[in-house]
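Below you'll find the structure, written out as structure tokens, and then a few comments.
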Amino acid sequence: MASETQPTGARGGLFGAGGRFKGGTDPIMEKFNESLSFDKRMYSQDLRGSVAYAKAICKVGILSEEERDLIIEGLGKVGEEWASGTFVEKPGDEDIHTANERRLTEIIGPTGGKLHTGRSRNDQVATDTRLWTVEAERDLLKDMSTLLQAGAEVSKEYVDVLMAGYTHLQPAQPIRYSHWLCSHMVALVRDAQRLKEIIPRANMCPLGSGALAGNAFGVDREFLREELGFEGITPNSLDGVCDRDFVVEFLMWSTLMLVHLSQFAEDVIITNMLKGVDIDDAYATGSSLMPQKKNPDALELLRGKAGIALGRMVGFTATLKGLPRAYNKDLQEDKVPLFEAVETVKDCLAIATGVIYTMKPNPEMLLKALCPEMLATDLADYLVRRGVPFRETHHISGACVRLAEETKVRIDTLTLQQLQEIDSRFGEDVMEIWNYEASVERKSSIGGTSKAMVLRQVDEILAAAKEL
């Protein structure tokens with residue numbers, strides 16, 4: 001019987017014409033379907049998984065020891081080509097798995113075709129992605145540690161600098177500059193802790209799950225786990241090939257962490273606008289028109305990245321929402337957001353670390369932003385220490401603020417007589433209230449803005465950084 005004319009396009013060595021399919025694929029479908037353009041960054045993890053799998057199927061008699069060694073040697077040569085940039089991609093290399101297997105077979109011959117026995121690209125890609133993700137997460141922990149150490153060291157250096165603390169962007173109470181910086185660092189400590197917590201759930205071995213029903217040749221999955229350095233084994237083969245919770249968890253983590261960096265960036269942008277800090281030239285840009293401009297672009301980009309991260313997380317979670325059980329091609333869409341998220345986080349951590357190390361507080365301008373009205377709570381506390389209920393002292397202090405506003409003077413210039421006309425329990429020592437340093441030192445409970453408590457926070461941040 002005459003063969004039918006084959007359409008343009010290649011299926012590669014796995015799905016060539018004469019098997020399930022009569023001919024090639026539509027070239028547009030090839031482009032639409034391929035993932036090698038982005039998943040080739042997992043070439044090392046894919047080769048590691050194949051080496052472990054070659055050893056496992058040798059143990060159950062699928063490969064002889066000679067065949068196992070030949071395959072492992074060939075995989076090593078494939079890895080050398082990728083590392084040196086000499087690997088030649090060919091039509092039909094749909095993904096990193098087919099590309100590596102095609103090249104392996106070219107190098108060692110038909111024995112390469114035995115490697116995939118009992119294995120599916122479904123458990124293969126799940127394995128590669130988990131290995132890659134865990135490595136990336138561990139690497140990011142190191143970057144988090146560097147950032148936290150930078151924040152702690154800078155906080156210690158400038159612990160004597162005072163600044164205005166705000167709520168609702170309104171002057172609230174005086175605080176230490178280092179207390180403000182530590183407030184951002186402790187949020188990032190939580191982020192680092194969360195990152196450590198999600199790694200064990202990603203670090204589970206799905207290899208040996210097959211396409212969905214398990215491995216038909218009795219491969220030792222515990223052996224595979226040990227060979228690849230996983231902490232555990234996925235307990236259900238159906239779930240093992242389609243579980244992408246670990247990708248969603250990383251995207252969620254990256255979103256929250258970048259939200260925290262965005263909040264830090266916004267604070268610095270505002271403080272820089274008020275001349276309270278100077279951003280180093282290395283993290284600023286100029287204007288194409290206005291010569292005087294020094295724009296905090298690094299911080300604005302940090303702020304902008306958080307919104308994009310949220311979009312990645314929501315988008316991929318929506319993709320998962322409607323999937324039936326086991327592997328579906330939709331899951332190929334996990335790679336780009338995952339890879340982009342890791343790159344974005346790594347860049348943002350490096351930028352934030354540089355900004356923190358190089359920005360300088362301007363003590364004079366920070367002090368200028370302080371106003372005596374910020375000590376109104378201290379005025380109320382003065383009477384509390386004399387036995388007056390706080391709800392009453394709050395009202396009394398508010399009356400003092402109103403008097404200062406109505407007479408258009410600063411509250412600290414009200415005379416003792418004026419204060420006593422509002423409440424006779426004010427004594428001569430009330431005038432000692434108007435001292436910013438004394439105010440911050442009175443906040444001496446754990447977590448407060450007194451010098452001792454801020455230095456304690458610095459030590460805790462440093463300790464957390466060293467544990468990462």
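Just so it is clear, the structure is predicted and the values come from calculations on it, not from any experiment.
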Is the backbone N or O of [Y] less than 3.5 Å from a side-chain atom of [X], with the two atoms forming a donor-acceptor pair by type?
| X | Y | value |
| --- | --- | --- |
| Lys196 | Ala192 | no |
| Gln173 | Gly165 | no |
| Thr449 | Val440 | no |
| Asn122 | Ala211 | yes |
| Asp123 | Ser120 | yes |
| Asp378 | Ile433 | no |
| Ser450 | Arg442 | no |
| Asp143 | Lys346 | no |
| His179 | Gly447 | yes |
| Gln457 | Gly448 | yes |

Check your understanding: Any idea how His184 and Phe264 line up, ring-wise: parallel (<30°), tilted (30 to 60°), or perpendicular (>60°)?
Key ->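 Perpendicular: the ring planes of His184 and Phe264 meet at over 60°.
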Review point. What orientation do Tyr177 and Tyr158 show, parallel under 30°, tilted 30 to 60°, or perpendicular over 60°?
Key: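 Rings of Tyr177 and Tyr158: perpendicular, as their planes differ by over 60°.
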Nearest heavy-atom pair of [X] and [Y]: which atoms, and what distance?
| X | Y | value |
| --- | --- | --- |
| Asn100 | Tyr43 | ND2-O, 3.9 Å |
| Gly214 | Ser237 | N-OG, 3.5 Å |
| Gly208 | Val219 | CA-CG2, 4.2 Å |
| Leu302 | Ala265 | CB-CB, 4.1 Å |
| Pro171 | Met374 | CB-CE, 3.2 Å |
| Gly151 | Met185 | CA-SD, 3.6 Å |

Exercise for review: Take Ile96 and Trp82 through the test side-chain contact (heavy atoms from CB on, under 4.5 Å) and record every step on the way to the result.
Suggested key: CA-CA 11 Å; Ile96 188 59; Trp82 279 114; 3.5 Å; yes
Would [X] and [Y] count as having a side-chain donor-acceptor pair, cut-off 3.5 Å?
| X | Y | result |
| --- | --- | --- |
| Ser254 | Arg312 | no |
| Gln149 | Ser145 | yes |
| Arg221 | Thr234 | yes |

Quick check: do [X] and [Y] have side-chain heavy atoms less than 4.5 Å from each other?
| X | Y | value |
| --- | --- | --- |
| Lys360 | Val277 | no |
| Thr393 | Phe390 | yes |
| Lys305 | Val345 | no |
| Val248 | Met252 | yes |
| Leu375 | Asp412 | no |
| His97 | Asp128 | yes |
| Thr98 | Asp95 | yes |
| Lys55 | Ile72 | yes |

Point to revise | Test log, rule salt bridge (Lys or Arg N to Asp or Glu O under 4.0 Å), inputs Asp46 and Arg121 | key: CA-CA 10 Å; Asp46 191 69; Arg121 285 187 297 172; over 6 Å; no
Exercise for review: Walk me through it: do Leu419 and Cys400 pass the test side-chain contact (heavy atoms from CB on, under 4.5 Å)?
Suggested key: CA-CA 7 Å; Leu419 293 174; Cys400 295; 3.7 Å; yes
Would the number of heavy atoms belonging to other residues, nucleotides or ligands and lying under 6.0 Å from [atom1] of [X] be above 12?
| X | atom1 | result |
| --- | --- | --- |
| His394 | NE2 | no |
| Lys466 | NZ | no |
| Arg410 | CZ | no |

Could [X] and [Y] be called an ion pair, given the rule that one side-chain N must be under 4.0 Å from one carboxylate O?
| X | Y | answer |
| --- | --- | --- |
| Asp243 | Arg201 | no |
| Lys59 | Glu227 | no |
| Lys40 | Glu89 | yes |
| Asp459 | Arg456 | no |
| Arg244 | Asp334 | yes |

Holding to salt bridge (charged side-chain N to carboxylate O under 4.0 Å, His left out), I want the full list of residues that pass it with [X], two or more places apart in sequence or in another chain.
| X | value |
| --- | --- |
| Arg425 | Glu392, Asp423 |
| Glu373 | none |
| Glu432 | none |

Review point. Which pairs pass side-chain hydrogen bond (donor to acceptor under 3.5 Å, both in side chains) with one or both residues in residues 279-292, sequence neighbours excluded?
Key: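 Residue pairs with at least one partner in residues 279-292: Asp281-Lys294, Thr285-Asp297.
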Practice item. Under the side-chain contact (heavy atoms from CB on, under 4.5 Å) rule, what do Gln124 and Gln45 come out as? Steps first, then yes or no, please. Key: CA-CA 10 Å; Gln124 193 173 358; Gln45 291 77 18; over 6 Å; no
**Study point:** Axial cation check for Phe230 ring with Arg130, 6.0 Å and 45° limits
**Key:**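 Output no; distance or angle outside limits.
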Check residues 269-276 and write down every donor-acceptor pair under 3.5 Å in which the side-chain atom is one partner and the other belongs to a residue at least two apart or another chain.
from	atom 1	to	atom 2	distance (Å)
Thr271	OG1	Asp267	O	2.8

Can you list, pair by pair, the side-chain donor-acceptor contacts under 3.5 Å of residues 348-358, counting residues two or more places apart and other chains?
from	atom 1	to	atom 2	distance (Å)
Thr353	OG1	Leu349	O	2.7
Tyr357	OH	Glu153	OE1	2.8
Thr358	OG1	Gly354	O	2.7

